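To keep things clear, I will list the structure first and then write my remarks on it.
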Amino acid sequence: MTEIGTPVITRVAAILRAVGRERAGVTTTSVARATDIPRATAHRMLTALAEQGLIDRDADSGLWFLGPEIYLLGSVST
């Protein structure tokens, strides 16, 4: 992953794209691999995004999905 601009923003965007590509949900490990971010860092970032409603995690499977805030943002964009 080539980081242009602010690295944390680049990483967050990459994580959101990786999660959004898989409608059936993704594991932390698959997000880390897809984004070339260390697994522990990916987990911390996913957790922080979940706290903001941008990502959701299924309690039973542990899979990550796009959260409700992403859909709200998308619904008001023109």
Side-chain angles (χ1 to χ4, degrees):
M1 174 177 65
T2 304
E3 293 185 6
I4 299 170
T6 306
V8 71
I9 300 301
T10 303
R11 287 178 167 196
V12 166
I15 287 171
L16 290 172
R17 286 187 193 102
V19 173
R21 278 198 279 292
E22 299 296 330
R23 297 189 65 105
V26 293
T27 64
T28 303
T29 300
S30 66
V31 170
R33 285 186 187 139
T35 59
D36 198 29
I37 295 172
R39 187 190 176 288
T41 302
H43 187 266
R44 283 192 304 274
M45 294 180 87
L46 285 161
T47 301
L49 289 166
E51 290 172 2
Q52 297 301 313
L54 297 169
I55 298 285
D56 266 342
R57 189 172 198 189
D58 181 74
D60 294 329
S61 68
L63 295 176
W64 299 95
F65 299 87
L66 291 179
E69 288 296 317
I70 289 292
Y71 294 104
L72 288 173
L73 290 169
S75 72
V76 297
S77 78
T78 55

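Here the structure is a predicted model, which is why all the values come from computation and not from measurement.
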Completion exercise
Note: Ser61 and Asp58 closest approach over all heavy atoms is N-OD2, 2.7 Å
Problem - Residues Leu46, Val19; criterion side-chain contact (heavy atoms from CB on, under 4.5 Å); working and verdict - result: CA-CA 10 Å; Leu46 285 161; Val19 173; 4.0 Å; yes
Problem - Straight-line distance of His43 NE2 to Ile15 CD1, nearest 0.5 Å - result: 11.0 Å
Practice task
Give a yes-or-no answer on whether the side chains of Arg33 and Ser30 include a donor-acceptor pair shorter than 3.5 Å.
Solution key: no
Practice task
Report the distance from atom CG of Leu54 to atom CD of Glu69, rounding to the nearest 0.5 Å.
Solution key: 6.5 Å
Problem - Pairwise distance CD(Glu22) to CZ(Arg17) - rounded to 0.5 angstrom - result: 15.0 Å
Practice task
Any chance you could measure Thr47, atom OG1, to Trp64, atom CH2, to the nearest 0.5 Å?
Solution key: 4.0 Å
Problem - Any side-chain heavy-atom pair of Ile70 and Ile55 under 4.5 Å - result: no
Problem - Cluster companions of Phe65 among Ile, Leu, Val, Met, Phe, Trp, Tyr (side-chain spacing under 4.5 Å) - result: Leu63
Completion exercise
Taking every heavy atom of Val26 against every heavy atom of Ala18, the minimum-distance pair comes out as CG1-O, 4.0 Å
Practice task
Treat each ILVMFWY residue as a node, draw an edge where side-chain heavy atoms are under 4.5 Å apart, and state whether Ile37 and Ile9 are in one component.
Solution key: yes
Handout entry: Heavy-atom check, side chain of Thr28 versus side chain of Arg57, under 4.5 Å
Key = yes
Problem - Met45 side chain reached by Val8 side chain, heavy atoms, under 4.5 Å - result: yes
Completion exercise
Heavy-atom nearest pair, Pro38 first then Ala32, reads C-CB, 4.3 Å
Practice task
Grab the two heavy atoms, one from Pro68 and one from Asp56, that are nearest each other, plus how far apart they are.
Solution key: CD-OD2, 3.4 Å
Exercise for the section: Please examine the side chains of Arg11 and Thr35, heavy atoms only from C-beta on, and report whether any two atoms are closer than 4.5 Å. Expected result: no
